[in-house]
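Structure first, then comments.
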Amino acid sequence: MDNKFLIIDGSSLFFRAFYALPLLKTKRGLYTNAIYGFVMMVENAIEKVKPTHLAVCFDMKGKTFRSEIYKDYKGTRQKTPNELEQQWPLVREILDHMNVKILESPVYEADDIAGTLSKLGTEEGFENYLLTGDKDYFQLVNEKTKVLFTRKGITDMDIMTVEKIKEDYGIEPLEFIELKALMGDSSDNIPGIYGIGEKTGLKLIHEFHTIENLYDNIDDVSGKKLKEKLIDGKMSAFMSKKLGTIVKDVPLEESLDDFKKVDYDYEKLSELYREFEFNSMLDRLPEKYRKEEVEEISQDNFEFVEIKDLKEIEKDLKDKKSLAFKFITDGKIYEDVKPIYLAVKVKDSEVKFISYEDIDFDFLKKIMEDEKVEKLGYSLKEDIIILMDLGIDIKNYSHDVEIAEYLLNSTQSDYDINKISMAYFKNGYLDLEDLLGKGAKKKTYTDLDKDDLFKYFAFVLNTIYRLEDLQKEKIDEEEMTSLYQDMELPLVEVLASMEYVGINTDEAVLDEIDKQIIEKLKTLEEEIYEEAGEEFNINSPKQLGVILFDKMDFPVIKKTKTGYSTSADVLEKLRGKGEIIDKILDYRKFSKLKSTYIDGLKAVINKKTKRIHSRFMQTVTATGRISSTDPNLQNIPIKTEEGRLIRKAFLASEGGVLVDADYSQIELRVLAALSDDKEMLDAFKHGLDIHRKTASEVFHVDYDDVDDRQRYEAKAVNFGIVYGISDYGLSQNLNIPRKAAKEYIDNYLGHFVGIKNYMAEEIKNGKDKGYVETIFKRRRYIPELNAKNFNIRSFGERIALNTPIQGSAADIIKIAMVKVYNELKKRNLKSKLIIQIHDELVVDTAEDEIEEVKELMKDLMENSVDLNVKLSVDMNTGANLYESK
DNA sequence: ATTGTCACG
DNA sequence: ACGTACGTGACAATG
């Protein structure tokens with residue numbers, strides 16, 4: 001058999017792979033796109049060439065002999081991004097396990113080594129293949145040497161032979177050196193001759209073949225301008241030729257025999273591919289090294305039937321007491337938009353579709369409320385809301401693909417079922433975005449062909465079943481089964497109810513406040529223009545910055561990456577230096593109130609019910625908290641009186657009151673429980689004011705002698721502890737010197753030793769395991785903890801400290817929510833849980849149930865969990881949110 | 001689509 | 001020596 005030598009230009013492939021692919025990231029936060037693309041290209045080339053010999057060449061960092069010739073060589077190269085840098089050692093690790101020889105030199109570049117190898121190969125009569133994305137290699141092509149030139153993407157490859165080069169460029173391979181001498185190379189910062197590009201260059205080389213010959217016959221060049229350019233650039237051309245010529249006699253220790261291809265270390269490769277989540281790579285390995293979970297999805301994934309009578313599923317349900325379902329709808333039922341279809345799949349049966357109008361709702365109610373039939377779904381909250389509207393009380397729903405995936409990795413940006421599917425399976429996907437498009441032209445389900453629509457939802461329902469066991473297994477392995485079944489799944493129904501019920505909102509109250517705000521804004525606007533001496537857009541930070549810092553010469557306190565910072569803390573520091581500052585702060589405040597809380601809220605009041613149905617989201621935050629959108633009801637103003645007035649628009653339902661219950665210091669209590677700090681536990685046990693207690697320790701004064709300022713500062717220290725403290729952060733917050741902040745912290749940790757130890761332990765633990773967890777085993781992976789970059793690592797450490805605290809508090813209130821909701825339901829009370837604000841619950845309470853509700857809320861919230869610290873709940877009632885808080 | 005700002009816990 | 005508090009969502013301006 002003939003010897004075939006595959007020589008790989010590692011550096012160029014690595015860069016090409018990185019820029020050709022989106023930034024892929026593993027669950028642990030490892031970037032893998034360059035590695036993936038690299039391995040893919042190498043494997044493709046190996047498959048194509050079937051080499052007997054193999055080598056990879058890399059550039060090393062630092063200067064090479066070319067820098068001696070021209071100091072600016074590669075001077076235009078930008079710093080490699082961090083995401084790329086990280087992948088570098090991992091590629092080498094893979095190559096090691098592929099048993100490929102890696103060559104690099106402090107003096108020569110990858111192409112010089114490759115040139116030398118191809119020369120060696122040529123001399124021995126090998127067939128040589130150079131795999132690269134760099135055109136420079138064309139000069140190495142000869143009868144025995146071809147270039148595998150990667151094109152756009154990572155799968156396309158051109159095979160460059162002598163003939164192909166002649167055909168494409170009309171010149172000989174070696175003449176590429178001459179061409180580059182003339183046109184230069186911007187990526188390597190080789191100058192060439194100014195004003196000569198590929199076109200002119202090719203024409204000249206075609207005619208004169210070498211630059212020596214060109215300059216010997218310079219008078220034969222047509223065109224005066226061009227001749228001038230050539231004469232002016234002669235030096236540069238010859239230097240560029242030197243720079244652009246690939247060296248072919250780099251001294252090497254290895255002989256060709258050393259590059260003989262050897263078998264891979266499959267065991268190790270399989271391990272790495274798993275870590276990198278390279279499922280398709282695993283498939284290329286011999287059978288016994290493949291990943292078991294990778295499962296082929298076939299076309300039946302998309303099969304379905306349409307039915308006219310829902311009862312057709314009844315016989316299937318006889319054997320399998322399990323079904324997945326999804327309503328297909330373009331809107332919200334509480335906005336009077338009815339679903340178009342219902343998709344159902346009884347386990348192991350075909351997916352069935354039925355028009356919404358054709359549904360026998362009594363039958364639907366029967367199966368949905370049948371405790372013996374388990375239900376599965378994806379984004380079940382949406383479907384439960386629809387069922388609620390139909391008066392159906394779903395029972396025994398046991399899996400929600402979205403919620404499950406969120407528990408497995410809470411830091412993803414979305415939980416699109418197609419993306420989840422791609423992470424578990426190999427093929428057979430349908431992307432909703434491909435179907436509906438995005439942006440302004442986004443279609444609705446109604447716009448789609450019925451066939452496309454059904455195909456997609458058939459995929460969804462089939463995927464729910466395919467994922468069920470895999471996700472549940474993982475959840476079990478990570479000890480989150482109880483968290484999933486006893487907390488998150490029951491909560492889905494609670495959140496569905498909160499969204500469905502909504503909160504009674506009085507638009508007239510908002511209109512009244514609006515009138516006053518409009519007046520205030522008008523006056524402020526005029527006064528600001530007056531002092532600025534011109535009119536401008538006060539809402540534009542850019543324009544405001546110009547007025548304040550260029551025109552009016554206020555001192556610049558802080559800059560953002562685009563210009564001057566005009567944020568409130570900056571303006572705060574400028575207070576007293578001019579009346580305009582206070583006016584801008586006021587203007588900002590009222591402008592915010594108007595846009596977000598007057599206009600914004602008015603726009604989302606349901607016309608028919610006069611209620612606002614905020615969507616409470618369960619899979620958004622990295623810590624386990626719930627979030628609220630459209631509108632966000634978790635950030636209604638309270639800190640300033642003007643803003644707080646907005647709360648008067650949120651009313652109890654007719655004749656009732658709002659009962660508001662909030663946990664007192666829940667995060668600090670959680671911290672006391674987690675750290676088991678004796679002092680802190682003691683303080684809570686004795687019902688002390690925790691900020692006052694902190695102040696007495698930080699400032700070394702008696703508990704009773706703490707003054708207001710000290711308490712205020714101690715409060716900031718406590719916040720800092722919860723956030724993962726830094727002296728700088730505290731100093732900024734309190735506007736005190738960093739040294740003073742450091743002293744506060746040292747005093748604090750010197751006294752609360754349990755907390756100090758806990759913090760160190762938590763960080764170590766996070767670094768070792770790659771994640772931290774809450775009291776109830778909710779997990780958050782923190783790849784930042786092992787970053788080389790100080791800032792990123794510090795950020796990771798603060799996350800490691802904050803997440804267990806914030807997350808455990810979130811766990812606690814979630815448990816309380818489920819208990820309160822279920823108790824209200826069990827007792828058949830009219831009162832409904834309608835809002836959660838992280839440490840606070842609001843129940844829209846019927847008048848005759850007030851005492852009962854207050855009692856049960858306090859009891860269930862304070863005793864929702866069993867901790868070594870007491871939980872304390874404060875209660876308030878009122879006709880509206882202003883009064884109940 | 002991104003940035004700056006600001007509302008909340 | 002590094003430059004920072006943790007977690008969200010909405011809006012207006014601007015690229």
Side-chain angles (χ1 to χ4, degrees), chain A residues 410-411 438-439 536-545 558-571 584-585 587-601 603-604 614-617 620-640 642-644 646-647 662-663 665-667 671 716-734 738 741 745 772 780 782 787-807 809-810 813 835-840 881 885:
Chain A
S410 63
T411 51
K438 55 176 177 178
F536 64 101
N537 188 343
I538 309 170
N539 280 321
S540 160
K542 199 176 159 192
Q543 294 180 37
L544 180 63
K558 200 164 71 176
K559 287 199 160 192
T560 66
K561 60 180 133 182
T562 52
Y564 306 116
S565 171
T566 66
S567 61
D569 61 314
V570 167
L571 297 183
I584 289 165
L585 282 165
Y587 182 90
R588 282 251 180 91
K589 183 167 75 186
F590 289 118
S591 168
K592 175 85 177 176
L593 285 177
K594 177 157 172 60
S595 65
T596 304
Y597 299 104
I598 303 287
D599 301 344
L601 288 174
V604 290
S614 171
R615 300 167 54 213
F616 290 92
M617 311 294 277
V620 172
T621 72
T623 55
R625 275 190 178 179
I626 284 163
S627 84
S628 156
T629 59
D630 308 314
N632 182 353
L633 287 187
Q634 290 178 324
N635 70 348
I636 303 301
I638 190 162
K639 288 173 180 166
T640 68
E642 296 99 319
R644 193 173 182 151
I646 299 283
R647 294 183 166 239
D662 72 287
Y663 282 108
Q665 305 298 350
I666 190 166
E667 292 196 338
L671 174 59
V717 171
N718 280 330
F719 272 111
I721 294 290
V722 168
Y723 293 157
I725 199 146
S726 78
D727 51 8
Y728 181 86
L730 182 64
S731 76
Q732 285 296 299
N733 189 279
L734 287 177
R738 192 169 166 160
I745 296 168
V772 294
R780 175 175 181 181
I782 312 177
K788 281 207 204 80
N789 179 297
F790 174 87
N791 290 323
I792 298 175
R793 197 171 60 247
S794 305
F795 179 52
E797 291 173 357
R798 295 195 295 272
I799 294 173
L801 294 176
N802 173 260
T803 297
I805 301 172
Q806 192 184 115
I813 197 163
I835 305 179
Q836 186 253 41
I837 318 172
H838 311 308
D839 61 356
E840 172 186 354
L881 265 194
K885 197 55 198 37

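Chain letters run A, B, ... following the sequence lines, proteins first, then strands; residues in each count from 1.
In the interface, the side chain of A/S726 is paired with the base of C/dT4 through a donor and an acceptor atom under 3.5 Å apart.
Checked against side chain to side chain contact (heavy atoms under 4.5 Å, CB included), A/K594 has the following partners two or more places apart in sequence or in another chain: A/D514, A/I517, A/I518, A/L521, A/D599. Checked against side chain to side chain contact (heavy atoms under 4.5 Å, CB included), A/V620 has the following partners two or more places apart in sequence or in another chain: A/M617, A/S627.
Contact footprint of chain A on DNA chain B: nucleotides with an atom under 4.0 Å from a non-hydrogen protein atom, first to last in 5' to 3' order, B/dT3 to B/dG9.
Of the candidate nucleotides C/dT4, C/dG7, C/dA5, C/dT4 has the atom nearest to the side chain of A/R738.
Between A/T623 and C/dG7 there is no side-chain N or O to OP1 or OP2 distance below 4.0 Å.
Where pairing requires Watson-Crick or G-U contacts shorter than 3.5 Å, the helical stems of DNA chain B with at least three consecutive pairs are B:1-9 with C:6-14.
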Are any protein N/O atoms closer than 3.5 Å to N/O atoms in nucleotides 10-12 of chain C? If there are, list each pair with its distance.
{"unit_1": "C/dA10", "atom_1": "OP1", "unit_2": "A/D630", "atom_2": "N", "d": "2.7"}

Under 3.5 Å, side-chain donor or acceptor atoms of residues 564-571 of chain A against the rest of the protein: list the pairs with distances, not counting sequence neighbours.
{"unit_1": "A/Y564", "atom_1": "OH", "unit_2": "A/D550", "atom_2": "OD1", "d": "2.6"}
{"unit_1": "A/S565", "atom_1": "OG", "unit_2": "A/S567", "atom_2": "N", "d": "3.4"}
{"unit_1": "A/S565", "atom_1": "OG", "unit_2": "A/S567", "atom_2": "OG", "d": "3.2"}
{"unit_1": "A/T566", "atom_1": "OG1", "unit_2": "A/R588", "atom_2": "NH2", "d": "2.7"}
{"unit_1": "A/S567", "atom_1": "OG", "unit_2": "A/D569", "atom_2": "OD1", "d": "2.6"}
{"unit_1": "A/D569", "atom_1": "OD2", "unit_2": "A/K558", "atom_2": "NZ", "d": "3.4"}

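Side-chain atoms of A/L801 and A/Y723, non-hydrogen and from C-beta on, never get closer than 4.5 Å to each other.
For the pair A/M617 CE and C/dG7 P, the computed distance is 18 Å after rounding to whole Å.
With C1' as the reference atom, C/dC2 and B/dA7 are 32 Å apart, rounded to whole Å.
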